[in-house]
Student: 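The following block contains the structure, expressed as structure tokens.
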2 protein chains.
Amino acid sequence: MGKRPEYTADTAARGVQNALRVLEGRWKLVILFQLFGGKVRRFSELERAIPGISQKMLIQQLRQLEKDKVVARIVHHEVPPRVEYHLTDWGQSLCPTLDALLIWAEAAPAEVKEGKEEAAEA
Amino acid sequence: MGKRPEYTADTAARGVQNALRVLEGRWKLVILFQLFGGKVRRFSELERAIPGISQKMLIQQLRQLEKDKVVARIVHHEVPPRVEYHLTDWGQSLCPTLDALLIWAEAAPAEVKEGKEEAAEA
DNA sequence: CCGTATCCGGAGCGATACTG
DNA sequence: CAGTATCGCTCCGGATACGG
């Protein structure tokens, strides 16, 4: 934890890229924000909180995040079934960084923020 | 720049997702790291500095980054042609955040870092 | 030297239907 | 309520060839 080894640009890029990989996926961030702050949500809560997502996508992204140790899953063996999701410690530690990214995103030129494509083709 | 408007989890997620979108792509980060610190690199320099990348990918990612105002492109009308790339101010401002992400990535559980896939299928 | 065009395989994602 | 299975489309990225 003292000094990190010397990073070449490539090594550093690979590290970040690896991290980004965990966050990649159409719905990962939306899910993470639902869980930030130590919140615990049920499957159906997430489903309702994220309009437009399908069950397949929700469970798929959730499973990915779980495999990557960002979120944890608790199954209550009851009837009816209840499953709850929450962030791991490592997942929680992402919060400030994501906030920094959010601030960076806010500083983006308007064209970028709106996802403008230059329709100028001819 | 005082207080930002109230962000719902969804709004925040969308903002970050949008920012992440800019960084998405197999080679974006590698390129960015090549340019960090205000460095100016020629097309062929980047090509040589990033083994394994194809011209198509290099130019494609470069164009994306350019459109997203992260990198800027300077064309010298000479013979032979010379084109140089460097980060915009907004691009530069990404550096600390990416470093935070790198640190987060470093703190990842070993299994995650190694990109383990549980081969347990049957 | 810098860039464009085309072909092609694979991964991601969405819609829908079904199960414990 | 929570999760699985399948299909099909789209986009991404790699290889190769060609143009200014």
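Throughout, a chain's letter reflects where its sequence line sits, starting with A, and its residues are numbered from 1.
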Student: Choosing from dG3(C), dC13(C), dG3(D), which nucleotide comes nearest the side chain of Arg73(A)?
Tutor: dG3(D)
Student: Give one of base, sugar-phosphate or nothing for Glu24(A), where a contact means two heavy atoms less than 4.0 Å apart.
Tutor: nothing
Student: Measuring to OP1 and OP2 of dC13(C), would you say a side-chain N or O of Gln61(A) lies under 4.0 angstrom away?
Tutor: yes
Student: Choose from dA15(C), dC7(C), dG3(C) the nucleotide whose nearest atom is closest to any side-chain atom of Lys56(B).
Tutor: dC7(C)
Student: Tell me: CZ of Arg26(A) to P of dT10(D), nearest whole Å?
Tutor: 17 Å
Student: Could you check Gln60(B) against Gln55(B) and say which one's nearest nucleotide on DNA chain D is further toward the 5' end?
Tutor: Gln60(B)
Student: Would His86(A) and Lys39(A) count as a side chain to side chain contact (heavy atoms under 4.5 Å, CB included) if you check the C-alpha gap in whole Å, the side-chain angles of each, and the deciding distance to 0.1 Å?
Tutor: CA-CA 6 Å; His86(A) 62 93; Lys39(A) 276 172 293 194; over 6 Å; no
Student: Nearest to the side chain of Tyr85(A), which nucleotide is it out of dG3(D), dC13(C), dA5(C)?
Tutor: dG3(D)
Student: Looking at Glu111(B) and Lys69(A), is any side-chain nitrogen of the basic one under 4.0 Å from a carboxylate oxygen of the acidic one?
Tutor: yes
Student: Minimum heavy-atom separation for Pro96(A) and Ser93(A), please, with both atom names.
Tutor: CD-O, 3.6 Å
Student: Rounded to the nearest angstrom, tell me the gap between atom CD in Glu47(A) and atom C1' in dT4(D).
Tutor: 14 Å
Student: Decide if atom CZ of Arg73(B) counts as having more than 12 heavy atoms of other residues, nucleotides or ligands within a radius under 6.0 Å.
Tutor: yes
Student: Any base atoms under 4.0 Å from Ser44(B), or only sugar-phosphate, or nothing? Heavy atoms, all strands.
Tutor: sugar-phosphate
Student: Please classify the nucleic acid contact of Glu84(A) as base, sugar-phosphate, or nothing, using heavy-atom distances under 4.0 Å.
Tutor: nothing
Student: For dA2(D), does OP1 or OP2 lie under 4.0 Å from any side-chain N or O of Arg42(A)?
Tutor: yes
Student: Taking CG from Leu46(B) and P from dC2(C), how many angstroms apart are they, rounded to a whole number?
Tutor: 10 Å
Student: With the side chain of Trp27(A) defined as its heavy atoms from C-beta on, choose the nearest nucleotide among dG3(D), dG14(C), dA5(C).
Tutor: dG14(C)
Student: From the set dG3(D), dC7(C), dG3(C), return the single nucleotide nearest to any side-chain atom of Phe43(A).
Tutor: dG3(D)
Student: Measure the distance from CD1 on Ile31(A) to C1' on dC13(C) and round it to the nearest whole Å.
Tutor: 13 Å
Student: Just the rounded figure in Å: distance from C1' of dT19(C) to CD1 of Ile59(A).
Tutor: 14 Å
Student: Whole-Å distance between dA2(D) P and Ile53(A) CD1?
Tutor: 14 Å
Student: Using the closest heavy atom to pick a nucleotide of DNA chain C for each, name whichever of Gly52(A) or Pro81(B) lands nearer the 5' end.
Tutor: Pro81(B)
Student: Report the distance from atom CE of Met57(B) to atom P of dA15(D), rounded to the nearest whole Å.
Tutor: 10 Å
Student: Distance check needed: dG3(D) P versus Arg63(A) CZ, whole Å only.
Tutor: 5 Å
Student: Hey, could you give me the CG/CD distance between Leu101(A) and Glu106(A), rounded to the nearest 0.5 Å?
Tutor: 11.5 Å
